[in-house]
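Here the structure comes first, spelled out in structure tokens, and everything after it is commentary.
Only heavy atoms go into these numbers, but all of them, side chains included; no hydrogens, no water, no symmetry mates. In this text the structure is predicted, and so the values were computed from the model without any measurement. Note that the numbering runs from 1 along the sequence shown for the chain.
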Amino acid sequence: ELLTALLDVTMKKRMSFGARNLADSLWACATLHYSPWEELLTALLEETREKLPSCTAKDLSNILWACATLGCDPGEEILTALMEETKRKWHSSTVGDLANSLWACVKLGY
């Protein structure tokens with residue numbers, strides 16, 4: 001299946017991805033309502049944590065939204081790191097970014 005093949009490539013190339021690529025990968029899975037295997041989600045979120053400083057407010061919003069939409073608990077450490085970075089970048093957030101982040105926080109039980 002094409003989607004599985006694309007996710008295999010994503011898994012292999014994730015360390016070369018920038019913050020936007022990681023956010024877009026998670027967003028795409030959530031938009032398609034396709035929950036990839038746990039190993040890929042964990043790997044993408046771990047890689048995202050390493051690149052949090054380069055995430056934009058939109059990236060952070062999309063990552064949080066994707067986790068909530070997929071029902072993926074990123075774990076307290078990653079969720080807290082995502083929220084701390086979101087707080088640092090609130091000034092550059094749009095109303096939509098803030099609304100998505102707030103919805104995701106409630107959905108994820110933060």
Side-chain angles (χ1 to χ4, degrees):
E1 176 174 309
L2 179 60
L3 189 53
T4 302
L6 289 172
L7 292 174
D8 283 339
V9 172
T10 299
M11 181 68 163
K12 291 175 185 161
K13 292 188 169 203
R14 72 187 185 281
M15 291 191 287
S16 68
F17 284 4
R20 172 61 51 90
N21 303 124
L22 294 163
D24 287 348
S25 297
L26 290 164
W27 176 88
C29 288
T31 299
L32 294 170
H33 299 286
Y34 182 83
S35 187
W37 59 93
E38 188 70 26
E39 181 185 3
L40 176 59
L41 280 173
T42 300
L44 289 174
L45 288 170
E46 285 294 328
E47 196 63 34
T48 297
R49 185 174 55 147
E50 297 295 319
K51 296 176 179 165
L52 277 179
S54 63
C55 285
T56 65
K58 172 64 98 191
D59 296 336
L60 294 163
S61 171
N62 285 342
I63 293 163
L64 289 165
W65 178 85
C67 287
T69 299
L70 291 170
C72 166
D73 179 1
E76 188 174 336
E77 184 179 326
I78 291 176
L79 185 56
T80 299
L82 284 165
M83 291 311 304
E84 289 300 317
E85 196 66 29
T86 297
K87 288 177 195 174
R88 280 190 279 282
K89 296 180 178 167
W90 69 267
H91 60 279
S92 62
S93 296
T94 66
V95 172
D97 297 337
L98 293 172
N100 284 340
S101 296
L102 178 60
W103 174 82
C105 286
V106 171
K107 189 89 168 155
L108 294 168
Y110 183 77

Pairs flagged by salt bridge (Lys or Arg N to Asp or Glu O under 4.0 Å) wherever residues 100-110 is involved - sequence neighbours left out = none
Only counting residues at least two apart or in another chain, list the ones meeting salt bridge (Lys or Arg N to Asp or Glu O under 4.0 Å) with D97.
-> K58
Measure the shortest side-chain to side-chain distance between L45 and C72 over non-hydrogen atoms and say whether it is less than 4.5 angstrom.
-> yes
List, by chain and number, the other hydrophobic cluster members for M15, where Ile, Leu, Val, Met, Phe, Trp and Tyr join if side-chain heavy atoms come within less than 4.5 Å, directly or indirectly.
-> none
Residues that W65 engages under side-chain contact (heavy atoms from CB on, under 4.5 Å), provided they are two or more places apart = W27, A30, T31, T69, N100, W103
E50 meets the side-chain hydrogen bond (donor to acceptor under 3.5 Å, both in side chains) criterion, sequence neighbours left out, with none
Considering only heavy atoms from C-beta outward, does the side chain of F17 approach that of E47 to under 4.5 Å?
-> no
With K87 via side-chain hydrogen bond (donor to acceptor under 3.5 Å, both in side chains) - residues at least two apart = E84
P74 side chain near I63 side chain, heavy-atom distance below 4.5 Å | no
Residues forming a side-chain contact (heavy atoms from CB on, under 4.5 Å) with E85, sequence neighbours excluded = L52, L60, R88, K89
Taken in chain and number order and not counting sequence neighbours, the residues that satisfy side-chain hydrogen bond (donor to acceptor under 3.5 Å, both in side chains) with N62 are none
Would you mind listing every side chain to side chain donor-acceptor pair (under 3.5 Å) that reaches into residues 71-81, with sequence neighbours excluded?
-> R49-E77
Smallest heavy-atom separation, S16 atom then K51 atom, equals C-NZ, 4.4 Å
Could you pull out all residues at least two apart from T4 that satisfy side-chain contact (heavy atoms from CB on, under 4.5 Å)?
-> E1, D8, Y34
Look at the side chain of S61 and the backbone N and O of A57, then say whether any donor-acceptor pair between them is shorter than 3.5 Å.
-> no
Treat each ILVMFWY residue as a node, draw an edge where side-chain heavy atoms are under 4.5 Å apart, and state whether L64 and V106 are in one component.
-> no
Here the gap from L26 atom CG to T10 atom OG1, rounded to the nearest 0.5 Å, amounts to 9.5 Å
Would V95 and L102 show up in the same hydrophobic cluster when neighbours are defined by side-chain heavy atoms closer than 4.5 Å?
-> no
Tell me, please, which residues at least two apart from L2 pass side-chain contact (heavy atoms from CB on, under 4.5 Å).
-> L6
Residue pairs, two or more places apart or on separate chains, that pass salt bridge (Lys or Arg N to Asp or Glu O under 4.0 Å) and touch residues 9-24 = R20-D59
If you measure from CG on L41 to SG on C67, what distance do you get to the nearest 0.5 Å?
-> 7.5 Å
